[in-house]
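Structure record follows, encoded as structure tokens.
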Amino acid sequence: MSTETPTLAPALAAVTSATAALDAAMFDPNREGFTDITALVDAFAAARAAARDAGHPEEDIDAAATPTN
């Protein structure tokens, strides 16, 4: 990931955080029944858009959005 300026890093951190929250909700082994993840999907999309607006290239955003597990 590119870290050319320190002001851009928080946008990628937000993408990573949104990805982790969405991943945890979707793949929780203890989950039973229906889980509404609409708000998490919206947050994920907003974080990606904010990272784009902050000037991050798509490959850096995709890397931040890739779950580490």
Side-chain angles (χ1 to χ4, degrees):
M1 265 184 256
S2 174
T3 55
E4 294 174 29
T5 60
T7 58
L8 298 180
L12 291 178
V15 172
T16 301
S17 178
T19 300
L22 184 56
D23 192 51
M26 290 176 24
F27 300 107
D28 179 3
N30 300 315
R31 179 175 49 106
E32 294 181 15
F34 177 76
T35 301
D36 185 358
I37 60 168
T38 304
L40 294 171
V41 171
D42 290 346
F44 176 74
R48 286 187 65 97
R52 262 186 237 104
D53 291 347
H56 290 286
E58 283 298 318
E59 61 268 7
D60 288 355
I61 296 169
D62 289 343
T66 302
T68 57
N69 54 1

Remaining members of the apolar cluster that contains F34, side-chain heavy atoms under 4.5 Å: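 Direct or chained contacts put F34 with none.
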Heavy-atom pair of closest approach, residues P67 and D23: CB-OD2, 4.0 Å
For T35, side-chain contact (heavy atoms from CB on, under 4.5 Å) partners two or more places apart: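 For T35, the residues satisfying side-chain contact (heavy atoms from CB on, under 4.5 Å) (neighbours in sequence not counted) are R31, I37.
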All side-chain hydrogen bond (donor to acceptor under 3.5 Å, both in side chains) counterparts of D36, not counting sequence neighbours: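 Partners of D36 by the side-chain hydrogen bond (donor to acceptor under 3.5 Å, both in side chains) criterion, ordered by chain and then number, come out as T38.
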Donor-acceptor under 3.5 Å (T19 side chain, V15 main chain): yes
Taking only distance into account, with no hydrogens and no angle test, what donor-acceptor pairs under 3.5 Å do side-chain atoms of residues 40-55 form with protein atoms, sequence neighbours excluded?
{"residue": "R48", "atom": "NH1", "partner": "D62", "partner atom": "OD1", "Å": "3.3"}
{"residue": "R48", "atom": "NH2", "partner": "E58", "partner atom": "OE1", "Å": "3.2"}
{"residue": "R48", "atom": "NH2", "partner": "D62", "partner atom": "OD1", "Å": "2.7"}
{"residue": "R52", "atom": "NE", "partner": "E58", "partner atom": "OE2", "Å": "2.5"}

Stepwise side chain to side chain contact (heavy atoms under 4.5 Å, CB included) check, L12 with D60: CA-CA 8 Å; L12 291 178; D60 288 355; 4.3 Å; yes
